[in-house]
Amino acid sequence: MLCLTFALFQLSNVRQLVAPGLAAAIAAHKWVNFFSLLLVPQVWYLLASLDARKWAFRLTYAVALVTFTLAAINFAAPFGYRFSALSTVAPGELMWGDPGFLLAGETTAAYAVNRLLSIGAAVYAAMFCIRVRRERARFSNRLVWASVVLIIVTTALGGATDAGLLQLPYLSGFGFLFLAASYLLLVRREATQRMTEKIRISAALELEVESHKRASLRFEHALTNDALTRLPNRAGALEKLHAMFVQSESNLTRMGVLLLDLDRLAIINGTRGYEAGNQLLVEAAQRLRQHCGRRMLVARLGSARFVVGIVGHKTWAGIESDVEGILAAIKPPFSIPGTVLNMTFSAGVAVYPDHASSAEDLLASAALALHQARDAGPGNLRVFHPALQQSLNERIGLEAELKDALEKEQFVLHYQPQVCAASDRVVCMEALIRWHHPTLGLVMPDKFIPLAEATGVIAAIGSWVIDAACRQLASWRENGFTEVRVAVNLSAQQLLVSDLGDTVQSALQRAGLRGADLELEITESVLMQDPQRSIERLEALRRLGVRLSIDDFGTGYSSLGYLKLLPVHAFKLDRSFVRDIGKSAKDLEICATAVGLARNLGLELVAEGVEDALQAAQLRKLGCHLLQGYYFARPLAAYAAKDFLANGRKVA
């Protein structure tokens, strides 16, 4: 635009110089004025486009408005906007001898305004260059400074010509053209540098994308492989079992799944440490991998359980031969630093198409066989048989019905009191969930809680239990039982997976209860699954004021090391120690030790499974704080629990 405007300016200038008469020269002169006026806002706009400050374009629009006002005056005035009167009536002689109409005369105020705008553009450019030089930007260049000086010089020469002091064609346009050209060169250089930078950034992005791809592959590998044994994990095993299943279907061959459980690993972890247990798992994985090679799948499903996938056999005899070979390979004693251990494996086997019609069902069938083998004792092998199929079908049916049980309001809570050993008063009611199945009747939690955990509905059920227990306690409070609290059992998924803190806080708020009105019981085995995370979750719950206790204390492993770190208020002594307290001196000593441990740690001890007066008396004598069991009451429906509170015992 600048170049086009300058060309039209010079064309009009030539027409003025060679005009045949004064009238023609004045007409051409008005066009010279018009195009010279257009140069000023264009240069202002060019500068504003390079300037990041917001007011730059606003100032440019103001300059453009003034310029178009001057342009209107230019065409309306008899001699253009520059002159109010002319001192030239005929062509003059230029410095190089040629004739030409160079108009001169008395200048106007509008002319002075345009000169100020021209000088303003030069000053703006100078200030811009000074600022960007301070910021070390790329636009600082000698070309720009030369352009600024040239604008000032040509503007002064143009003014001298207009006053009749010089006989030169109008030169001010040359300064603006030079300024525009210098800025365009700088912009081109900037564009080149930006393109170079863009290429560099693109190359860096490609490297980053490639790096992310490699990281993604490593992440996928980590998701489907066990870090300890380097074998596929459960997710990786299921993926490979699906592929093997498809292969067996297409080849019309049998497929076997062998599940192996390393017996007594928990005892090894507890007595010799987890490092020894990990070494056993690594050596077992190496033996399986070396024996099975690439023709079989070997994976670790978690903890002490391995799975071997067997394909390519037409008959059961071939699978049986492979199973015998695998068991023989892992039978020799295991050497770990400092000792040699004779370990045994429980094993369960299932075969397609005899025992299942999908990879998941085949794995489930093998798990049922393994469960039966473990029931028979360490080192046993069991093959899935039709009698277990009925159990599997019942399990699948229960899983499907369990998902709808909460929505259909089939769950109820029963309550068992915890009694103060010293005063025989009820201080807590433990909420115990029951399932009112439409055909099976009252189903105990040991039958459906594992299914709920396996199917992922345990979090929703657990939230309902907390909310229902809080609502029931609020109802008891309205009936005058103001000091009793309620206890709720937590599953592993609730503690380690779900957003438990928000669930508890919301339930307490809806029921109008304080945190201390609710006690959460966590089994020892759950805490040991992820001790560090368990501690973090328990600390968050304790900050809500909720009471915390460890359930079934003494049945897990390595708990004493963490007990002092767990932010709990109490622990419950497992019923297995209470059952024979009157018959076994060892059990009596264990109970006495537990009471002493609780006293030293400043914790309450709750003895569960108290079934007779002798057990209650001995536990009171040992100094146990709270007692719970059939001797006081069986788990009661909500209405019966209310009657118990009102009539059976005094409320603390």
Side-chain angles (χ1 to χ4, degrees), residues 411-437 440-449 465 468-469 472-473 476 481 483-490 519-524 547 549-555 570-588 590-592 594-595 598 604-652:
F411 292 116
V412 295
L413 292 183
H414 287 190
Y415 299 88
Q416 188 173 34
Q418 293 178 3
V419 177
C420 177
S423 62
D424 214 28
R425 295 176 299 179
V426 178
V427 296
C428 181
M429 299 292 281
E430 181 180 359
L432 302 168
I433 190 171
R434 302 289 187 262
W435 181 9
H436 267 303
H437 192 276
L440 300 178
L442 200 64
V443 181
M444 294 295 106
D446 60 330
K447 297 293 184 181
F448 66 85
I449 291 298
V465 171
Q472 183 60 64
L473 181 60
W476 287 335
F481 309 117
E483 297 299 324
V484 69
R485 63 178 180 267
V486 69
V488 173
N489 291 284
L490 295 181
E519 181 171 318
L520 299 177
E521 297 183 2
I522 307 98
T523 60
E524 187 181 357
R547 285 179 53 87
S549 67
I550 302 175
D551 197 11
D552 299 335
F553 180 77
T555 59
F571 60 85
K572 299 181 72 173
L573 189 63
D574 186 65
R575 66 182 67 249
S576 61
F577 300 117
V578 175
R579 182 175 56 243
D580 296 325
I581 191 172
K583 306 173 185 177
S584 169
K586 289 183 178 180
D587 284 342
L588 182 62
I590 289 173
C591 292
V595 171
E604 283 187 351
L605 179 66
V606 183
E608 58 181 354
V610 181
E611 297 185 356
D612 55 46
L614 177 61
Q615 292 173 346
Q618 288 181 310
L619 289 167
R620 286 191 180 99
K621 185 177 180 181
L622 291 175
C624 187
H625 302 95
L626 301 177
L627 307 176
Q628 179 180 356
Y630 288 177
Y631 175 64
F632 302 99
R634 291 177 176 272
L636 304 168
Y639 70 89
K642 177 184 174 183
D643 293 340
F644 180 87
L645 289 172
N647 305 317
R649 299 280 174 177
K650 294 171 62 179
V651 180

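Not measured: the values here are computed from a predicted model.
- Across every non-hydrogen atom of Val486 and Ala469, the tightest pair is CG2-CB, 3.9 Å.
- In this structure, a donor-acceptor pair under 3.5 Å is present between the side chains of Gln628 and Gln418.
- Listed here is the closest heavy atom pair of Leu605 and Ala598: CB-CB, 3.9 Å.
- To the nearest 0.5 angstrom, Arg485 atom CZ is 10.5 Å from Leu473 atom CG.
- Between Ser549 and the options Glu519, Lys572, Glu604, a side-chain hydrogen bond (donor to acceptor under 3.5 Å, both in side chains) holds for only Glu519.
- The closest side-chain heavy-atom distance from Val610 to Leu619 is below 4.5 Å.
- Atom CG in Leu432 sits 9.5 Å away from atom CE in Met444 (nearest 0.5 Å).
- Looking at Ile581, Val578, Ile550, Asp551 one by one, the single match for side chain to side chain contact (heavy atoms under 4.5 Å, CB included) with Leu573 turns out to be Val578.
- In this structure a side-chain-to-backbone donor-acceptor pair under 3.5 Å is present from Gln615 to Arg579.
- Scored by the side-chain contact (heavy atoms from CB on, under 4.5 Å) test, His414 finds Val412, Arg434, Leu442, Pro635, Ala637 as partners (sequence neighbours excluded).
- Here the NZ atom belonging to Lys586 is positioned 12.5 Å from the CZ atom belonging to Phe577, to the nearest 0.5 angstrom.
- Looking at Phe571 and Val606, their side chains never come closer than 4.5 Å, going by heavy atoms from C-beta outward.
- The shortest distance between side-chain heavy atoms of Leu622 and Leu588 falls below 4.5 Å.
- Checked against Trp476 for a ring pair (Phe, Tyr, Trp, His ring centres under 6.0 Å), the options Tyr639, Tyr415, Phe481, Phe644 give a single hit: Tyr415.
- Classified by interplanar angle (parallel below 30°, tilted 30° to 60°, perpendicular above 60°), the ring pair Trp435/Phe448 is perpendicular.
- Taking all atoms of both residues into account, the shortest heavy-atom contact from Met429 to Ala641 is CE-CB, 3.6 Å.
- Salt bridge present: Arg620 and Asp424 bring a charged side-chain N and a carboxylate O closer than 4.0 Å.
- The CD atom of Gln416 sits 7.0 Å away from atom OH of Tyr630, with the distance rounded to the nearest 0.5 Å.
- Atoms CG and CD, on Asp612 and Gln618 in that order, are 8.5 Å from each other to the nearest 0.5 Å.
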Test log, rule side-chain contact (heavy atoms from CB on, under 4.5 Å), inputs Val484 and Val427: CA-CA 5 Å; Val484 69; Val427 296; over 6 Å; no
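- Shown here for Val443 and His437, the closest heavy-atom pair between the two residues is CG2-CB, 3.7 Å.
- Residues Gly609 and Arg575 share a closest heavy-atom pair of CA-NH1, 3.3 Å.
- Separating the SG atom in Cys428 from the CD atom in Glu483 is a distance of 13.0 Å, to the nearest 0.5 Å.
- Closest non-hydrogen pair, Leu413 versus Ala468, comes out as CD1-CB, 3.7 Å.
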